[in-house]
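These notes concern the structure reproduced below.
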Amino acid sequence: MATIKNSLEGTMETESLSNLCDVQDSVEEASRQLAFFFPNFDKNKTDQKAERTLALIRPSLLKERRDSIMQRIRDDGFEIAMQKEIILSEKQVCEFYKEHKNEDYFPALLEQMTSGPTLILALTRENAVAHWRGLLGPTALEEAKEDPNSLRALYAVDSSPINQLHGSSTTDDAQKELEFFFPQEHTLAVIKPAAAKEHKDDIMQKVKDAGFTISKIKEEALTRDMVAHFYKDHEGKSFFGDLLSSMTEGPSVIMVLSKENAVEEWRQLMGPTDPEEAKNISPESIRAQFAQDILSNAVHGSSTKQQALENIQYIFGEIDID
Ligand code: CMP
């Protein structure tokens with residue numbers, strides 16, 4: 001569970017926080033609030049139930065036949081929801097494969113897994129876990145080779161006794177393994193007053209389409225104290241007074257958005273600060289589509305994980321997001 005500890009205690013402005021007493025303490029409550037504010041939010045939900053699984057392409061295969069295996073994954077109807085390529089440390093391998101630590105093959109597995117970059121994939125499709133496992137074939141390479149159409153047979157490499165492809169065994173394992181490589185992050189997102197008045201349903205639709213979980217949500221007017229706290233880095237800038245006024249002119253929608261890599265992904269979805277630049281380089285972004293100008297630029301988001309933690313706590317207090 002991710003508890004946001006009250007490290008800012010004492011620095012908070014209690015007066016402005018008294019406006020924020022209706023803090024929700026669970027994602028369920030956030031869902032109820034969401035349904036209340038945005039009754040159409042889930043209307044377009046499709047029945048198609050895409051599932052996610054974790055796939056690893058081990059270093060030797062990645063080095064020798066990356067394009068082929070990636071093509072094969074796409075041909076089998078998987079979409080790549082997330083990916084990262086990293087050289088795993090011994091510690092990471094030991095942690096990930098802790099249940100295998102006493103097996104005969106563990107030293108060879110460790111050697112293979114730390115020998116170069118591994119490609120880590122979150123694959124999605126219907127029935128992804130069982131489908132990917134089925135395609136891989138048996139775990140032990142000798143057994144896999146008895147089924148020449150299994151991916152582990154097709155993509156075995158001569159230089160290693162270890163199968164070159166991993167897949168989660170069950171949906172529970174998939175969730176744990178995905179969490180291991182792609183940990184959940186939280187960011188603070190604000191739909192600013194002018195955009196909250198004109199475009200909140202469209203913006204919420206974009207939030208949903210991007211796959212964020214809305215862990216907390218409330219709709220209320222920020223006070224000048226709160227805005228000043230949020231934007232303390234901009235104090236003294238020419239636009240600071242206008243920023244205070246525009247951010248307090250009506251209710252904002254304030255959310256905690258959760259997802260793997262949430263801080264960066266929300267920033268991508270917002271687009272550049274200046275909507276003119278957003279229209280040029282990121283025409284699908286929220287600011288390109290819904291911002292009035294650089295000041296009333298529709299949405300706000302934390303810049304870093306640390307800032308997200310601080311501002312979430314400032315707005316929502318000490319909470320258990322998960
Ligand atoms: P935001 O991403 O919320 O962070 C700081 C805010 O300051 C920014 O969005 C804009 O609303 C505002 N801002 C930043 N630069 C300028 C500028 N040059 N002129 C007017 N407002 C600005």
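One-based numbering along the sequence shown. For ligands, and for the atoms within them, numbers begin at 1 and follow the listed sequence.
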* Near His234, which atoms of ligand 1 are under 4.0 Å from a heavy atom of that residue? -> 5 (C)
* Can you name the closest pair of heavy atoms from Thr248 and Thr223 and give their distance? -> CG2-C, 3.7 Å
* To do: Check the pair Thr118 / Met113 against side chain to side chain contact (heavy atoms under 4.5 Å, CB included), numbers first and verdict last.
  => CA-CA 7 Å; Thr118 296; Met113 293 298 286; 4.2 Å; yes
* Asked: Taking only residues two or more places apart in sequence or in another chain, which ones pass ring-ring contact (aromatic ring centres under 6.0 Å, His included) with His199?
  -> Phe290
* To do: Take Phe230 and Ile315 through the test side chain to side chain contact (heavy atoms under 4.5 Å, CB included) and record every step on the way to the result.
  => CA-CA 10 Å; Phe230 252 17; Ile315 293 290; 4.0 Å; yes
* To do: Report yes if some N/O of Tyr231 lies less than 3.5 Å from some N/O of ligand 1; otherwise report no.
  => yes
* Run the ring-centre check on Phe96 versus His166 and record whether the distance is less than 6.0 Å. => yes
* Asked: Of the options Leu269, Ile191, Asp202, which is the one that meets Ile286 in a side chain to side chain contact (heavy atoms under 4.5 Å, CB included)?
  -> Leu269
* To do: Verify whether one side chain among Gln175 and Glu179 offers a donor that lies under 3.5 Å from an acceptor in the other.
  => no
* Would you say Arg287 contacts ligand 1, with heavy atoms under 4.0 Å as the rule? -> yes
* Quick one: look at Asp242 and ligand 1, take heavy-atom pairs under 4.0 Å, and tell me if it's side chain, backbone, both or neither. => neither
* What's the shortest distance from atom 17 (C) of ligand 1 to any protein heavy atom, and which residue and atom give it? -> Phe239 CD2, 3.5 Å
* Structure fact -> The atoms of ligand 1 lying under 4.0 Å from a heavy atom of Lys192, numbered in the order shown, are 1 (P), 3 (O), 8 (C), 9 (O), 10 (C), 11 (O)
* Just need the protein heavy atom nearest to atom 10 (C) of ligand 1, so name the residue and atom and give the distance. => Ile294 O, 3.2 Å
* Within the structure, does Leu295 bring an N/O atom to less than 3.5 angstrom of an N/O atom in ligand 1? -> yes
* Structure fact -> the protein heavy atom lying closest to atom 8 (C) of ligand 1 turns out to be Asn297 ND2, 3.6 Å
